[in-house]
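Have a look at the structure below before the remarks.
The shown structure was predicted, so the numbers you read here are calculated from the model rather than taken from an experiment. As the structure lists them, so they are numbered: ligands from 1, and atoms in each ligand from 1.
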Amino acid sequence: MFDNLSDKLDKALHILKGHGSITEVNVAETLKEIRRALVDADVNYKIAKDFTATVKEKALGQDVLKSLKPGQLLVKIVKDELTELMGGDAEGINLSGNPSVILMSGLQGSGKTTFSGKLANFLKTKKSKKPLLVACDVYRPAAINQLHVVGDQIGVEVYSDKLTNDPVAIAQAGIAHAKTNGFNVVIIDTAGRLAVDEVMMTEISTIHKAIQPQETLFVVDSMTGQDAVNTAKAFNDVLNFDGVILTKLDGDTRGGAAISIKSVVNKPIKFIGTGEKMEAIDVFYPSRMADRILG
Ligand code: GDP
């Protein structure tokens, strides 16, 4: 994960090795390399520039911690700032409803259906919840079947209705089914398209207004870099979602989406997907991710 970025940051931070203190002159080259590493990782240029400006300010302003060498001090500052950029403390999901309704949104192929299954499995096995999956992709019968396959795999019931093509009606009927059958979490998988368009946005916004979920999650493929960030912005403008799910991190060697998305939409990354299997789900902890990035 993010191997290129980790390597480049490591090299950048090594430039200071052997120097007795951090000065405006000797830190300049390091900061330039950090900025270059971030831009190469597909972090937006302005975010990368602001990031290095903050690091510079903190590094020069430090009343040098005598116990740390300049290189170590800079690693600490970069780690703290990366953590901050990716979201500070980890945030959970709101399960206060009865049932708690979780609406999944995102483009087709982002990993919504897979993640719906992973989340249901996580809530069932780790939080002792009784989740119901609801299939609201009325355009692709294959997507409904896929959710049933996932549900069978993890032993979670799936509500679907192939005779209706109204996703709002299916979502509402699914929630009613949950209420009468003792399910305490409802995860609603919705239709996506290959790119942001008005029809999809209107549909997801209509479902959102009609069912008023406790939690709206935006699912995005981390390998799409700055496109992921732009898509997140478009969905957030319409849904004002609660959190981001970053999928396919196992295949992402760059890391630009993970680093930039929080500062663009001001919403936390809540979970990450790290593989195709149902167990390949992790709670997102910014500080752990910063540790991994810095090796
Ligand atoms: P949807 O159209 O948004 O519902 O996307 P799907 O759930 O069908 O996922 C699209 C493809 O991505 C499938 O082949 C999944 O197996 C794959 N996929 C989903 N999440 C991950 C992940 O975290 N890592 C990897 N490597 N593949 C994933």
Side-chain angles (χ1 to χ4, degrees), residues 1-3 93 102-123 126 131-154 156 158-160 162 167 170-171 174 186-197 199-201 203-204 207-208 213 215-225 227-232 234-236 238-239 241 243-258 261 269-285 288-289 292:
M1 201 189 286
F2 309 168
D3 294 348
I93 55 174
I102 303 172
L103 179 67
M104 311 300 296
S105 66
L107 296 181
Q108 187 179 318
S110 60
K112 274 190 310 301
T113 304
T114 308
F115 186 78
S116 298
K118 287 179 182 177
L119 183 60
N121 191 43
F122 174 88
L123 294 174
K126 300 265 180 353
L132 174 73
L133 287 161
V134 178
C136 280
D137 188 343
V138 293
Y139 309 103
R140 295 188 311 132
I144 300 176
N145 295 342
Q146 187 191 343
L147 196 62
H148 278 282
V149 170
V150 161
D152 286 348
Q153 222 175 310
I154 56 175
V156 168
V158 176
Y159 180 90
S160 65
K162 286 188 183 160
I170 300 173
V186 181
I187 299 171
I188 300 182
D189 187 21
T190 60
R193 290 170 178 251
L194 292 175
V196 172
D197 71 23
V199 178
M200 173 177 65
M201 286 308 188
E203 178 178 302
I204 191 77
I207 301 174
H208 184 251
E215 187 84 20
T216 303
L217 298 175
F218 168 70
V219 181
V220 70
D221 176 346
S222 70
M223 292 197 285
T224 58
D227 277 349
V229 177
N230 296 335
T231 312
F235 273 80
N236 195 45
V238 170
L239 293 177
F241 55 66
V244 176
I245 309 300
L246 215 47
T247 63
K248 310 188 195 181
L249 244 80
D250 49 310
D252 183 4
T253 54
R254 302 208 290 171
I261 218 158
I269 299 171
K270 296 203 169 184
F271 286 94
I272 53 175
T274 54
E276 295 189 84
K277 295 218 172 81
M278 283 296 114
E279 295 74 28
I281 166 175
D282 281 309
V283 174
F284 182 76
Y285 295 104
R288 283 191 207 167
M289 186 56 79
R292 283 174 83 159

CG of Asp3 to CG of Asp252, rounded to nearest 0.5 Å, is 10.0 Å
Restricting to non-hydrogen atoms, name the atom on [X] and the atom on [Y] that form the minimum distance, rounded to 0.1 Å.
{"X": "Glu276", "Y": "Thr114", "answer": "O-CG2, 4.0 Å"}
{"X": "Ile93", "Y": "Leu123", "answer": "CD1-CD2, 4.5 Å"}
{"X": "Ile207", "Y": "Pro167", "answer": "CD1-CB, 3.7 Å"}
{"X": "Ala195", "Y": "Leu107", "answer": "C-CD2, 3.7 Å"}

On the 0 to 90° scale, with breaks at 30° and 60°, tag the Phe241-Phe218 ring pair as parallel, tilted or perpendicular.
-> parallel
Given side chains that start at C-beta, do those of Phe122 and Met278 come closer than 4.5 Å, heavy atoms only? no
Identify the closest protein heavy atom to [atom]: which residue and atom is it, and at what distance?
{"atom": "atom 18 (N) of ligand 1", "result": "Lys248 CE, 3.9 Å"}
{"atom": "atom 5 (O) of ligand 1", "result": "Gly111 N, 3.0 Å"}
{"atom": "atom 27 (N) of ligand 1", "result": "Glu276 CG, 3.3 Å"}
{"atom": "atom 7 (O) of ligand 1", "result": "Thr114 OG1, 2.6 Å"}

Taking distance alone, with N or O pairs closer than 3.5 Å, would you say [X] contacts ligand 1?
{"X": "Phe115", "answer": "no"}
{"X": "Asp189", "answer": "no"}
{"X": "Gly275", "answer": "yes"}
{"X": "Gly109", "answer": "yes"}

Heavy atom under 4.0 Å from ligand 1: found in [X]'s side chain, backbone, both, or neither?
{"X": "Leu107", "answer": "backbone"}
{"X": "Lys118", "answer": "side chain"}
{"X": "Thr113", "answer": "both"}

Under 4.0 Å from any heavy atom of [X], which atoms of ligand 1 are there?
{"X": "Gly273", "result": "23 (O)"}
{"X": "Gln146", "result": "6 (P), 7 (O), 8 (O)"}
{"X": "Lys112", "result": "1 (P), 3 (O), 4 (O), 5 (O), 7 (O)"}

query = Could a heavy atom of Ser110 be found less than 4.0 Å from some atom of ligand 1?
reply = yes
Of Thr274, Asp250, Val219, the residue with the heavy atom nearest atom 24 (N) of ligand 1 is Asp250
State whether the side chain of Ser105 and the backbone N or O of Val219 hold a donor-acceptor pair below 3.5 Å, judged by distance alone.
-> no
Whether over 12 other heavy atoms sit under 6.0 Å from Lys277 NZ
no
Practice task
For Tyr139 and Glu203, test the side chains for any donor-to-acceptor distance below 3.5 angstrom and give the result as yes or no.
Solution key: yes
